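See below for the structure under consideration.
Order of appearance sets the numbers: ligands from 1, and atoms from 1 within every ligand. Note that the structure is predicted; figures quoted are calculated from it, not measured.
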Amino acid sequence: MTFDYDDQNIFAKILRGEIPNQTVYESDHALAFKDINPQATHHVLVIPKGPYMSLDHFAIEAPTEEQAGFMAAVGEVCKLLELDSGFRAICNTRIHGVQEVPHFHMHIVGGEQLGQMLP
Ligand code: AMP
């Protein structure tokens, strides 16, 4: 598998400041912002600042420092949203995972009972 990142995707444009976003948290390695079409009380997307198209691309090719920075940002978002009762983290990937935006992102969804994982 080779990974071919397209820097014209909407999250790349958000990272370049070309499109506004509702930032929840930002660090050197990651940005977290509210999903424009929330599926629950809390719905935040956490993205790395580097050019990775998917979870497997990020896990295979991102330097350890970027991976650690991303996971630290996930932790900060969980703290900020006070997700003590739990949440769901989702990384839709390519065709079978129905990934719409080809920049790696983790959905953090919570704030209410979410039901079963798959319908
Ligand atoms: P996925 O199917 O995992 O690629 O989901 C992409 C997500 O990005 C969807 O939940 C969209 O609602 C969300 N989204 C698309 N454009 C924006 C935007 N400009 N700001 C925030 N969220 C967005």
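Residue contact check: Val98 has heavy atoms under 4.0 Å from atoms 2 (O) of ligand 1. With ligand atoms numbered from 1 in the order given, ligand 1 contributes 21 (C) to contacts under 4.0 Å with heavy atoms of Lys34. Residue contact check: Asn37 has heavy atoms under 4.0 Å from atoms 12 (O) of ligand 1. Here is the list of ligand 1 atoms found below 4.0 Å of a heavy atom in Asn92: 1 (P), 2 (O), 3 (O).
Residue, atom and distance of the protein heavy atom nearest to atom 4 (O) of ligand 1 are Glu100 N, 2.7 Å.
Residue contacts with ligand 1 do not include Gln22, since none of its heavy atoms lies under 4.0 Å from the ligand. Ligand 1 has at least one atom lying under 4.0 Å from a heavy atom of His107. Residue contact annotation: Leu45 has a non-hydrogen atom under 4.0 Å from ligand 1.
Using a distance-only test at 3.5 Å, with no hydrogens or angles considered, no donor-acceptor pair links the side chain of Ser27 to the main chain of Tyr25. When atom types are taken as modelled, the side chain of Arg88 and the backbone of Gly115 share a donor-acceptor pair closer than 3.5 angstrom.
Across the listed options Ile90, Asp35, Val101, Ile36, Asp35 owns the non-hydrogen atom lying nearest to atom 9 (C) of ligand 1. Of the options Arg94, His43, His105, the smallest heavy-atom separation from atom 3 (O) of ligand 1 is shown by His105.
The ring pair (Phe, Tyr, Trp, His ring centres under 6.0 Å) with Phe104 is formed by just one residue from the set Phe70, Tyr5, Tyr52; it is Phe70.
The CD1 atom of Ile10 sits 11.0 Å away from the NE2 atom of His105 when rounded to the nearest 0.5 Å. Separating the CD atom in Glu112 from the CD atom in Gln39 is a distance of 10.0 Å, to the nearest 0.5 Å.
Counting non-hydrogen atoms of neighbouring residues, nucleotides and ligands closer than 6.0 angstrom, the CE atom of Met1 exceeds 12 such neighbours. Environment of CD in Gln8: crowded, with over 12 heavy atoms of neighbouring residues, nucleotides or ligands closer than 6.0 Å.
Using a 4.5 Å heavy-atom threshold, the side chains of Leu45 and Val101 count as separate.
Contact annotation for Phe11 and ligand 1: only side-chain heavy atoms (C-beta onward) come within less than 4.0 Å of the ligand.
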